[in-house]
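What follows is a short report on a single structure.
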Amino acid sequence: MMKLKNGTGRVAGAAVVVSKTNPAEGFSPHTKCPNENTGVYSESYDPTMAHCNVTVWNPLGNGLSYEEFDFPIFSLNDDNDTEAIRQCYLGYNLGVNGSTPEYPLCAMQLFSHMHAVTDTATCMRRNDINFSINPEMVCDPLGDYNVWGSTKPLNNTAKGHKEGESMVIAATRLDSRSFFWDVAPGAESAVSGFVTLLAAAHALHNVTQEAHPPRTILYTFFQGEAFDYIGSSRMVYEMDHKQFAIDLDNVHSVVEIGQVGLRSSSELWVHSDPVSRRNNSINVSSLIDTLKSAAMNLNVTMSVPSFSQPLPPSSFQRFLRARPIPGVVIADHQSAFSNRYYESIYDKAANLNLTYPANLTEDEQLEFVTETANALADLATVVARALYKQAGGADAQLINIKAEPKIVTQMLYGFLVRSNNTWFQALISYFKDSLIIKPSSLPQLYSYVWVQGVASPNSTERQGFCVRSSVRLSKAVSPAFDLLQEYSSKDYSTWTESRWKFIKARIFLVASHDLEMLTLGVGVGILLSSLLLTYIISSKADILFSSGREPANATY
Ligand SMILES: *[C@@H]1O[C@H](CO)[C@@H](O)[C@H](O)[C@H]1NC(C)=O
Ligand SMILES: *[C@@H]1O[C@H](CO)[C@@H](O)[C@H](O)[C@H]1NC(C)=O
Ligand SMILES: *[C@@H]1O[C@H](CO)[C@@H](O)[C@H](O)[C@H]1NC(C)=O
Ligand SMILES: *[C@@H]1O[C@H](CO)[C@@H](O)[C@H](O)[C@H]1NC(C)=O
Ligand SMILES: *[C@@H]1O[C@H](CO)[C@@H](O)[C@H](O)[C@H]1NC(C)=O
Ligand SMILES: *[C@@H]1O[C@H](CO)[C@@H](O)[C@H](O)[C@H]1NC(C)=O
Ligand SMILES: *[C@@H]1O[C@H](CO)[C@@H](O)[C@H](O)[C@H]1NC(C)=O
């Protein structure tokens with residue numbers, strides 16, 4: 001790709017066929033040091049740890065996603081349509097025995113027009129100018145919603161400090177990216193972590209209802225973290241400025257689940273920040289001990305990397321940027337990532353070794369418990385027990401906390417193999433007119449969604465039902481845009497996305513230049529001779545059509 005980019009400038013576009021098997025040598029279009037400038041490790045925090053000085057987290061990163069290409073690049077699945085394109089190419093564009101191919105040639109036209117120009121600051125300014133004349137945007141801030149929920153409902157109308165609340169935050173990231181639009185499966189980089197946290201939350205549900213621990217557990221799922229921590233930086237900003245249901249003083253500690261799907265043995269790694277640990281009031285050791293003891297008697301070993309190693313790229317770094325808080329990041333790698341396809345199209349089910357016996361139906365696959373699911377369920381149990389303990393819960397309850405491998409396997413199947421499955425269909429929410437929450441005080445504590453439910457065996461009608469939960473959405477748009485309007489901020493993500501016209505491509509045969517010129521020449525010749533003929537005919541019309549003259553006095 002770099003050769004094409006730096007070459008003669010004759011490249012008009014590229015079409016990439018995505019191979020069905022992952023490249024064995026690994027592939028990551030991300031950088032070697034993800035989110036290098038927006039984490040906690042700046043020159044002022046600790047110069048020895050800035051810029052991945054101690055550990056290069058993503059050594060396979062080639063930075064392709066951060067290159068500017070001034071031609072469109074399309075990805076094609078290796079299917080029948082692509083086979084037609086390949087046949088067209090092989091049939092027309094390969095010269096016999098290496099000679100120059102002859103016309104007609106197979107051509108492909110790619111349409112992918114991007115409106116945006118230069119950088120975010122320029123294009124956001126242009127948005128603002130345009131808006132007054134005609135409201136047509138050229139680019140939009142990247143953004144979505146963070147998802148959060150708590151073991152005890154929080155009054156979401158009352159923002160800022162909650163007196164007497166102490167919260168243990170259990171965090172993970174929710175999405176991922178890749179070089180191509182709309183193909184970012186993020187199996188290891190996002191799904192392994194959020195499936196584990198969801199399974200842990202599920203395992204904790206009954207126990208926290210019956211014996212709620214003294215502290216509240218706050219589950220947070222951050223969006224847009226691959227783009228300089230959009231989601232976590234927004235939530236931390238809101239906590240810092242009384243715009244969130246709690247503030248940073250309410251935060252007791254943070255447990256983050258990173259990439260956890262690729263462990264070769266039972267060993268997982270508990271990463272922590274060496275800088276804030278120097279402060280004796282930041283008690284990370286007890287949190288690590290809690291995790292270690294929660295892992296006992298389970299097929300998981302919690303190990304600690306060398307004391308001087310900084311945190312891997314993680315949302316927790318954004319909390320540390322605001323203030324020292326005790327916290328850990330759990331991951332399957334001791335130093336560099338185990339993930340060889342970080343933020344690429346290849347970080348898919350196969351990367352997590354999700355395989356199903358060949359003869360299963362779709363519904364049987366959904367229920368089939370894979371090795372990966374068992375491993376993640378074990379980890380979810382450890383995380384759930386450690387969270388309960390960290391929230392001050394009683395040891396006697398720990399035995400009742402157990403994550404279900406079946407739920408884990410269903411989630412992995414749904415998020416990585418087939419999202420249109422019977423289980424997900426039953427959980428899809430939809431609007432129901434008749435559902436109006438009357439008591440106005442209720443939505444402050446809970447959110448309500450109507451879900452489709454399943455059809456009973458003897459009917460086709462789904463039995464929908466209403467779900468009351470403490471799960472909320474909060475904006476995941478970088479504060480640099482809607483709150484601060486600092487489009488060239490160094491502290492917050494400033495990624496924007498260009499508006500674009502429809503994306504499409506077509507293939508056709510082109511004739512040779514000579515043939516085209518000949519066709520044009522013949523056309524012009526015919527045009528000229530017909531003009532000449534018309535002129536001659538009309539100028540000699542009285543001779544040619546003279547016999548038709550009528551006498552002036554003729555009557556009809
Ligand atoms: C692709 O082509 C093969 C062979 O021509 C055919 O058997 C198969 O059904 C086609 N697949 C699709 C999805 O059209
Ligand atoms: C191409 O090369 C092969 C081997 O050199 C030869 O047998 C064949 O006749 C050549 N084909 C044409 C069309 O020249
Ligand atoms: C939630 O907070 C709002 C604003 O402080 C307050 O008016 C309301 O009564 C609270 N609701 C509950 C259920 O505590
Ligand atoms: C240590 O942490 C506490 C609690 O966050 C903070 O108040 C204090 O300033 C920190 N001390 C140093 C030396 O950073
Ligand atoms: C992948 O799964 C297969 C079948 O379950 C197993 O034999 C193989 O060892 C697994 N590979 C890894 C790297 O876990
Ligand atoms: C999902 O699958 C059902 C059949 O199980 C099918 O009727 C429906 O059209 C599918 N939906 C989508 C969006 O593919
Ligand atoms: C469906 O079957 C169940 C028991 O098999 C029965 O109780 C129910 O009334 C049936 N529903 C309808 C709509 O026939």
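As the structure lists them, so they are numbered: ligands from 1, and atoms in each ligand from 1.
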#### Entry: Lys/Arg cation over aromatic Tyr66: Arg177, 6.0 Å, 45° cone
yes
### Task
Check salt bridge (Lys or Arg N to Asp or Glu O under 4.0 Å) between Asp81 and all other residues, then give those that pass, not counting sequence neighbours.
none
### Message
For ligand 3, which is the ligand I care about here, please tell me if Gln444 has any N or O atom under 3.5 Å from one of the ligand's N or O atoms.
### Response
yes
### Message
With a 4.5 Å cut-off on side-chain heavy atoms, are Leu198 and Met411 touching?
### Response
yes
### Query
Relative to Tyr446, does Arg468 satisfy both conditions: NZ or CZ under 6.0 angstrom from the six-membered ring centre, and within 45 degrees of the ring's axis?
yes
### Amino acids contacting ligand 6, non-hydrogen cut-off under 4.0 Å
Asn420, Gln425
### Message
My understanding is that only residues two or more places apart in sequence, or in another chain, count here; which of them pass side chain to side chain donor-acceptor pair (under 3.5 Å) with Asp273?
### Response
Tyr41, Tyr45, Ser276
### Task
Check salt bridge (Lys or Arg N to Asp or Glu O under 4.0 Å) between Asp249 and all other residues, then give those that pass, not counting sequence neighbours.
Arg323
### Summary
Counting from 1 in the order shown, the ligand 3 atoms closer than 4.0 Å to a non-hydrogen atom of Ala158 are 2 (O), 5 (O)
### Message
Would you say NE2 of His212 has more than 12 non-hydrogen atoms from neighbouring residues, nucleotides or ligands within 6.0 angstrom?
### Response
yes
